[in-house]
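One structure is given below, encoded as C-alpha cells.
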Amino acid sequence: MKILNIHGYHGSTENSAYKALKELGCEIISPPMDYDGKRPGDIAGELKELYDEYRPDVIVGTSLGGFFASVLCAERSCKTILVNPCLMPFLMFDFETRTLVGMFGGFSDIRTKNVSCIVGGNDEVLGDHKFTERLFGNERFRRIEGAGHSGATLPLKEYFAEVLVYYKGLK
C-alpha cells in the first residue's frame, strides 16, 4: 500500500510510524514538515498537492501531523490513521489560531469509517485523548494503557497491520 506519512512537531520523516509501515512493506511518502517556518494554510496546501500527486491509499498522521491528516481526511474523504493526534493545536501552539480553528471546523465533514486511531493511555503531552475518542471513537480506536506520546511506546506495527487489512476491504 502507498502511505502518506505526516510526522509531528519537531518530528522526523522516519518516525516510529514510518519504521512500522516500512516493516510491513508499504511504499511511504514522508515529507519533512516545517511547522515553525510555514503558515498552517501553506502546510495544508502542500499536503493536498502531495495527496493529489501521489494518490496514497492511506494517510498516517502523528501528533501535529494528525491534525493535518484530519484536515486532508475531511477535504478528500480519504482513509486515515491517527497516532496520538493533536486535534486542537490552537490550544497548544503559537500558530495562526484563526486558520487552525477554521480547519478544525471542517472536521465535522469527516466520515468516521475513514478514520482509525491509536493513542497512549499515559500521553504526557496531549493528556487523556477523551475528545479524540468522542470524535473518532469506533471499533478501530485503541487506547494503549501505559503508553505515552512517543509512537515508540505504541504497538504500531501490529495496529497498522490490522487497520490496513480493514482499509483494503473498504470501498
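Classification of the Phe107-Phe67 ring pair by plane angle, with boundaries at 30° and 60°, yields tilted. Between Phe104 and Phe90, the angle of the ring planes goes over 60°, which puts this pair in the perpendicular group of the 30/60° scheme.
Side-chain contact between Asp57 and Lys79 is absent, with no heavy-atom pair separated by less than 4.5 Å. By the 4.5 Å heavy-atom criterion applied to side chains, Tyr18 and Val60 are not counted as neighbours. No side-chain heavy atom of Leu72 sits less than 4.5 Å from a side-chain heavy atom of Phe68. Taking 4.5 Å as the limit, every side-chain heavy atom of Pro85 sits out of range of all side-chain heavy atoms of Ser63. At least one side-chain heavy atom of Phe93 sits under 4.5 Å from a side-chain heavy atom of Cys86. Ser16 places a side-chain heavy atom less than 4.5 Å from the side chain of Leu156. Put simply, the side chain of Tyr35 reaches to within 4.5 Å of the side chain of His7, judged on heavy atoms. Glu46 places a side-chain heavy atom less than 4.5 Å from the side chain of Lys38.
For the salt bridge (charged side-chain N to carboxylate O under 4.0 Å, His left out) test, no residue two or more places apart in sequence or in another chain qualifies with Lys22. Qualifying ring-ring contact (aromatic ring centres under 6.0 Å, His included) partners for Phe160, counting only residues two or more places apart in sequence or in other chains: none.
Tested against Asn5, the residues Val58, Ile59, Ile81, Ile28 include a single side-chain contact (heavy atoms from CB on, under 4.5 Å) partner, Ile28.
A distance of 8.5 Å separates CD1 of Ile6 from CG of Leu50, quoted to the nearest 0.5 Å. Here the NE2-CG distance, from His10 to Asp34, works out to 8.5 Å after rounding to the nearest 0.5 Å. From Asp42, atom CG reaches atom CD of Glu96 across 8.0 Å, with rounding to the nearest 0.5 Å. Atom-to-atom distance recorded for Asp36:CG and Asp94:CG is 10.0 Å, nearest 0.5 angstrom. To the nearest 0.5 Å, the span separating CG on Leu21 from CD on Glu27 amounts to 12.0 Å. Between the SG atom in Cys73 and the CG atom in Leu82 there is a gap of 7.5 Å [rounded to 0.5 Å].
Neither Tyr9 nor Val83 shares a network with the other; the hydrophobic side chains, linked directly or stepwise wherever heavy atoms of I, L, V, M, F, W or Y lie under 4.5 Å apart, form separate groups for each. A chain of hydrophobic side-chain contacts below 4.5 Å, direct or via other Ile, Leu, Val, Met, Phe, Trp or Tyr residues, connects Phe95 to Val101. Leu135 and Ile118 fall into different hydrophobic clusters, where Ile, Leu, Val, Met, Phe, Trp and Tyr side chains are chained together by heavy-atom contacts under 4.5 Å. A continuous path of hydrophobic side-chain contacts links Leu91 to Phe131 [ILVMFWY only; heavy atoms under 4.5 Å]. There is a path of hydrophobic side-chain contacts, each under 4.5 Å, that joins Leu154 to Leu164.
Salt bridge status for Glu75 with Lys48: present, with a side-chain N to carboxylate O gap under 4.0 Å. Classification of Asp52 and Arg76 as a salt-bridged pair holds, one side-chain N sitting under 4.0 Å from a carboxylate O.
Using a 3.5 Å distance cut-off with no hydrogens or angles, the side chains of Asp123 and His149 do pair a donor with an acceptor. Counting only N and O atoms by type, the side chains of Asn114 and Tyr167 include no donor and acceptor under 3.5 Å apart. With hydrogens and angles left out, the side-chain atoms of Thr62 and Asn84 include no donor and acceptor closer than 3.5 Å.
In terms of heavy atoms, Arg140 sits closest to Thr112 at NH2-O, 3.3 Å. In terms of heavy atoms, Ser70 sits closest to Ile110 at O-CD1, 3.5 Å. Residues Thr99 and Pro40 come closest through the heavy atom pair CG2-CB, 4.1 Å. Residues Ser77 and Arg111 come closest through the heavy atom pair OG-NH1, 3.5 Å. The minimum heavy-atom distance linking Tyr159 with Cys117 is given by the pair OH-N, 2.8 Å. Between Pro31 and Leu4 the shortest heavy-atom distance is CD-CD1, 3.9 Å.
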Open item on the list: Checking Glu133 against Arg143 for the salt bridge (Lys or Arg N to Asp or Glu O under 4.0 Å) test, could you report, in this order, the C-alpha distance in whole Å, the side-chain angles of both residues, the deciding distance, and whether it holds?
Closed with: CA-CA 9 Å; Glu133 186 171 12; Arg143 178 182 310 280; 2.7 Å; yes

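The closest donor-acceptor contact from the side chain of Thr153 to the backbone of Ala147 lies at 3.5 Å or more, if one exists at all. Although no hydrogens or angles enter the test, the distance criterion places no donor-acceptor pair under 3.5 Å between the side chain of Ser150 and the main chain of Gly148.
Surrounding OH of Tyr54 are at most 12 heavy atoms belonging to other residues, nucleotides or ligands under 6.0 Å away. Annotation for Lys130: atom NZ does not count as buried by contact number, only 12 or fewer foreign heavy atoms lying within 6.0 Å.
Val119 forms part of a hydrophobic cluster together with Phe141, judged by ILVMFWY side-chain heavy-atom separations under 4.5 Å.
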